[in-house]
Amino acid sequence: MKKLVILLVLLLVPSVFAMTSDDWIKFHGLDKYYGPPNDPFGFIDAKNIALGVFDNSGALVNRDPFVGERISLAAKADFIWGTFALYPDNPLTSINSWDFKKGIPLGNTGWFNGAAVSDMISTAGLQPQDYHLLFYTCNVNWQKPNLTFYPFDCAAEVLTFNLKTTPLVQIPNPPTQVLPTPVTQPRGSLGYKMLYYFEPQDKLDFKITEKDYFVVNGYETNILKYEDIAAVNTVLTFTDLASGTKQIVYHPSSQQGIMGEASLITGGVSHDVFVDPTGLLSIDMNGDSKIDGTELRLMTDAGQEIDLGDTNDLKNSKSFDVTIETPKKKIESLNTNEVTKITVEKSGTVLNLGKIIPGLIALPSTPEISQQRNVYGDFLELFKPMNRIGNGELTMEVPINQLFYETFLELSGDTVKVEEPNNNLELNEYLGDVRPVFTQYDLPRLGAGTISTQSGVTQYEQYVDLPKTSGQIIFGKDQLDNVGNFLFYKKGEEIFTYQIDLVGGINGNVVNNNVPDWIGKEIRIGWSSYKVLSASISGNSLKLTLVGGLLGDILNEGDKQTYALGGNTFDVEVKVISSANKDVLLEINGYLLPKMKVGDVEPLPSGELVAVSNIIIGPNFNSVEFFLGANKFTFLDDDVTDNDFTKGALNANNNQYQEGDVRISASISGSSIILSNLKYKLNTAGLLGDIYVPPGHGVKEYLKNPEAILLNDFDISFDGPAQRPLRPSKVGLFPKSMERYNLEFINKNGLVYSVPLVVNTNKVMKYGE
């Protein structure tokens, strides 16, 4: 499916400005803009943006595009914002709110992903002139001074290109049939307008004619009406029943029996359109690049699917069924989707609604109003005035979300909800059943990185995994007899597993039962940087010791420097470095620490830890490498060749934690070792044994040893039950005359559709109007 969202303006005024990128930046005053304190960025001509142009044959060409051709956009940086913003030279569109999320989307975006590319985008309907692409990129510079929390070099970049007038296209074998002049009356049988929710059988199965309606699906459902075709400028005009007019340009086709081809973009998806010489259309209605007779269901904002019926025999039948299927929720003992069937019946020339399907829960009713609900909370009301002949109307209100429970993972300011699209966390459900794995795209501070050794460069990635057998939402009583909803962990059960995956493995040579190749190499654990102090091997056992923290630096003996961390400042002075003893004496904020050697960790009176990761004795001066907000971790696996965790194998800041299990995956062969993965599993050890987390609290505050959580500022917080939204999703069947019903629903983008559904023409039911 070709995902493509584009917000382009149909311009009617010719270009008179023709600004360069630099002129455009200065005209809007963007060269004077700076970001937050300690995170400056400016506007520059594009150096990380590339424009690809595809001619009508699909070939990539090295020139500016002509109107109607397709383009693609690419960007390269460590951090790439989600979209391009496109601005025409004329009119001079204002730049406001820096909303880069409303524009042309890119695939594979996120933190530290290196590059992103958009799908191909049609320029049909745009005015020939200059356009300016505004984009936001960041590159990481960990060593950049004065950037203690956001170590990014960022820039908003502008690329200008000229959209040219489409050249005349010579068709070697023009069709012998001449496109008829558009008629004032709709084509079709007796002016009847069809509603198509089945695709044609193939691209030569031309069905859709002027004034017909058709369904298109992608991320959402849209209903369009084909208005007309203009042969002079090869424009097809449609009306989206919820958002208004759409016009697209079709291009000559070399395929036998096809006069033109075009792309219709709706709801973020591109649909292929084929035109026959008489103006009939064949459309890829579900955007999968195939036309194969697929039935389309209507998708609502409540996650429902509306089935208009693949077995309805309108020619011979006296009734017409609409089925509404609501996704299953773990309510009571129900484990299947809720299906509600509504029947439209004909009696002579009159259409009427039959009774609501029996088996629902009846609510108080009147002679004119019948009310019922199903076990999901869907509310149905049938209204039939006593003085009206037939033509009842049905409204079905569906809560956007059933009752669910909000739980979040938090890491150093990043927050992500434990949920999936159409799958919220419910009572008695485990967190890992809903969302088992979290990556850098969920928590950006789980950033990827690289390690360089003599054997080459190895990329690593970080993950947090949630178990499917612990971490459950319950209603019950805790150890202090408090009754309510809790996020519950039984003593000894897994809370989460953190892992570092070294893609392809990191090689090392074993020398005297140590791996010197790894010493001093830097790796991230969460948001903090750590350096390997030691790596020792005994048989198949491996012990890794790392030291690091939120802020690290190197100072010479006698140097003084001030640092900012967590809203506090730290004045650090290196008093003495002993060459003989290879230790250092540090004074921080007037407090003299004990003499420290490599690997030592000491607390400050304010609670922060200081660690020494290296002492360098030089011919002219001595230096110390240290960390503020530090930690020292030792991971032990007694057999790296098996898949078992070693129990209680985490030592943090010289404290052993029995609730922390370690698994290191490596292969050892002679004097070489390849390390491929490190996993750390935190098990439940609460202040009172089991852990009951009430709403508004997090797991960390109930741990016996919060330091064992490993990741700085990591927590799993529980907010309790979520409130239902005030606005429900509505599905309705409403009479527009004695012979016609409209279907009304809200799509995923919040657009309200009123669709001609069924008509009783000459006592024969048909789709449409």
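Keep in mind it's a predicted model, so treat the numbers as computed, not measured.
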(message) Out of the candidates Thr300, Ile324, Leu751, only one should pair with Phe745 under the side chain to side chain contact (heavy atoms under 4.5 Å, CB included) rule; please name it.
(response) Thr300

(message) Under a 3.5 Å cutoff, is there a donor and acceptor pairing between the side chains of Thr562 and Asp571?
(response) yes

(message) Could you check whether Gln479 and Tyr692, counting side-chain N and O atoms only, form a donor-acceptor pair closer than 3.5 Å?
(response) no

(message) Could you check whether Thr646 and Asp637, counting side-chain N and O atoms only, form a donor-acceptor pair closer than 3.5 Å?
(response) yes

(message) Minimum heavy-atom separation for Leu411 and Leu711, please, with both atom names.
(response) CD1-CB, 4.2 Å

(message) If I take atom CG from residue Asp690 and atom CZ from residue Phe486, how far apart are they, to the nearest 0.5 angstrom?
(response) 12.0 Å

(request) State the CD-CD distance between Glu608 and Glu602, to the nearest 0.5 angstrom. (result) 14.5 Å

(message) A quick test of your reading: do over 12 heavy atoms of other residues, nucleotides or ligands sit less than 6.0 Å from NZ of Lys597?
(response) yes

(message) One pair to check against ring pair (Phe, Tyr, Trp, His ring centres under 6.0 Å): Phe496 and Phe714. What are the steps and the verdict?
(response) CA-CA 11 Å; Phe496 72 90; Phe714 179 78; 4.9 Å; yes

(message) Tell me if a side-chain donor or acceptor on Ser676 pairs with a main-chain N or O of Ser665 at a distance below 3.5 Å.
(response) yes

(request) For Ser613 and Val547, indicate whether the former's side chain and the latter's backbone hold a donor-acceptor pair under 3.5 Å. (result) no

(message) Tell me whether Lys468 is salt-bridged to Asp433, with the criterion being a basic N under 4.0 Å from an acidic carboxylate O.
(response) no

(message) I'd like to know if the side chain of Gln561 pairs up with that of Tyr563 as donor and acceptor (distance under 3.5 Å, no hydrogens or angles considered).
(response) no

(request) Compare every heavy atom of Phe645 with every heavy atom of Lys681, then report the nearest pair and how far apart it is. (result) CB-CE2, 3.9 Å

(message) Main chain of Ala448, side chain of Glu461: is a donor-acceptor contact present, judged purely on distance under 3.5 Å?
(response) no

(message) Any side-chain to backbone donor/acceptor pair from Asn631 onto Asn653? Under 3.5 Å, distance only.
(response) no

(message) Using modelled atom types and a 3.5 Å cut-off, is there a donor and acceptor pairing between side-chain atoms of Asp661 and backbone atoms of Gly648?
(response) yes

(message) Testing the 3.5 Å rule here: is there a donor-acceptor pair between the side chains of Glu659 and Asn683?
(response) no

(request) Starting at CD1 of Ile473, measure out to OH of Tyr430 and round the result to the nearest 0.5 Å. (result) 11.0 Å

(request) Please answer whether the main-chain N or O of Arg445 pairs with a side-chain N or O of Asp414 as donor and acceptor at a distance below 3.5 Å. (result) yes

(message) Between Ser470 and Tyr489 (side chain of the first, backbone of the second, donor and acceptor by atom type, cut-off under 3.5 Å), is there such a pair?
(response) no

(request) Could you tell me whether Lys543 atom NZ has more than 12 heavy atoms of other residues or ligands within 6.0 Å of it? (result) no

(message) Please check this pair: side chain of Gln472 against backbone of Phe488, looking for a donor-acceptor N/O pair closer than 3.5 Å.
(response) no

(message) Between Asp442 and Arg435, does any side-chain N to carboxylate O distance fall below 4.0 Å?
(response) yes

(request) Check for a donor-acceptor pair, side chain of Asn485 on one end and backbone N or O of Gly720 on the other, with a separation under 3.5 Å. (result) no

(message) Around atom NZ of Lys595, are there more than 12 heavy atoms from other residues, nucleotides or ligands closer than 6.0 Å?
(response) no

(request) Identify the heavy atoms of Tyr702 and Pro694 that sit nearest to each other, and give their distance. (result) OH-CD, 3.2 Å

